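We're numbering straight along the sequence, starting at 1. Not measured: the values here are computed from a predicted model. Just so you know, these numbers use all the heavy atoms, side chains as well, and skip hydrogens, waters and symmetry mates.
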Amino acid sequence: VQLQASGGGLVQAGGSLRLSCLVSGITVTGNPIGWYRQRPGEEREFVAGLRSVGGTTYQDSVKGRFTISRDAAKNTVYLQMTSLKPEDTAIYYCYYMGLPSSWGQGTLVTVSS
């Protein structure tokens, strides 16, 4: 399984970004795929996930601001981020939560105040 994240960049607080995770080796439908992030000086943390049987989960701090979704035709998972805050600054990783698990490379999101 390979995952390729993209879409990071520099944005002002209150702005929006959409991250993409192009997946190969499995289909994004019916598989658990999520987004994690690692803020400077901190451990990697869960942000949002797509369950294999349907439904989504979110970290409390991003609920109502971030939306995870998938496009089966493009075999891509997205993370739409709105109302961004400086504390959202991090490297964002997409992650296949099945077995064996697999991480994509990160994409840097920087939110300026």
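The side-chain hydrogen bond (donor to acceptor under 3.5 Å, both in side chains) test applied to Arg51 returns no partner, not counting sequence neighbours. With sequence neighbours excluded, no residue satisfies side-chain hydrogen bond (donor to acceptor under 3.5 Å, both in side chains) with Lys85. Judged as a salt bridge (Lys or Arg N to Asp or Glu O under 4.0 Å), and not counting sequence neighbours, Glu43 has no contacts. Considering only residues two or more places apart in sequence or on other chains, Gln59 meets the side-chain contact (heavy atoms from CB on, under 4.5 Å) condition with Arg37, Glu45, Ser61, Val62.
The distance between the ring centers of Trp103 and Tyr36 falls below 6.0 angstrom.
Put simply, Leu3 and Leu108 are part of two different groups of oily side chains (I, L, V, M, F, W, Y) that touch within less than 4.5 Å, one to the next. Note on Met97 and Leu50: separate hydrophobic clusters, where clusters join Ile, Leu, Val, Met, Phe, Trp and Tyr whose side-chain heavy atoms are under 4.5 Å apart, directly or indirectly. Tracing side-chain contacts under 4.5 Å through hydrophobic residues (I, L, V, M, F, W, Y), one reaches Val77 starting from Val1; they form part of the same cluster.
Distance alone, capped at 3.5 Å, is enough to place a donor-acceptor pair between the Arg39 side chain and the Glu87 backbone. Within the 3.5 Å criterion, the main-chain N or O of Ile68 finds a donor-acceptor partner in the side chain of Tyr58. In this structure, Thr67 contributes its side chain and Gln80 its backbone to no donor-acceptor pair below 3.5 Å. No donor-acceptor distance shorter than 3.5 angstrom exists from the side chain of Ser101 to the backbone of Gly98, with no hydrogens or angles considered.
Applying the salt bridge (Lys or Arg N to Asp or Glu O under 4.0 Å) test to every pair with at least one member in residues 98-113, sequence neighbours left out, gives no pairs at all.
Within the 4.5 Å cutoff, the side chain of Asp71 has heavy atoms near those of the Tyr78 side chain. A 4.5 Å side-chain heavy-atom check between Tyr92 and Leu79 finds at least one atom pair inside the cut-off. Contact annotation: the side chain of Thr107 never approaches that of Tyr93 to less than 4.5 Å [non-hydrogen atoms, C-beta and beyond].
Put simply, the residue from Asp88, Val111, Val109, Val47 that forms a side chain to side chain contact (heavy atoms under 4.5 Å, CB included) with Met81 is Val109.
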What side-chain donor-acceptor pairs closer than 3.5 Å can you find for residues 7-35, not counting sequence neighbours?
{"unit_1": "Thr27", "atom_1": "OG1", "unit_2": "Thr29", "atom_2": "O", "d": "3.0"}
{"unit_1": "Asn31", "atom_1": "ND2", "unit_2": "Thr27", "atom_2": "O", "d": "2.8"}

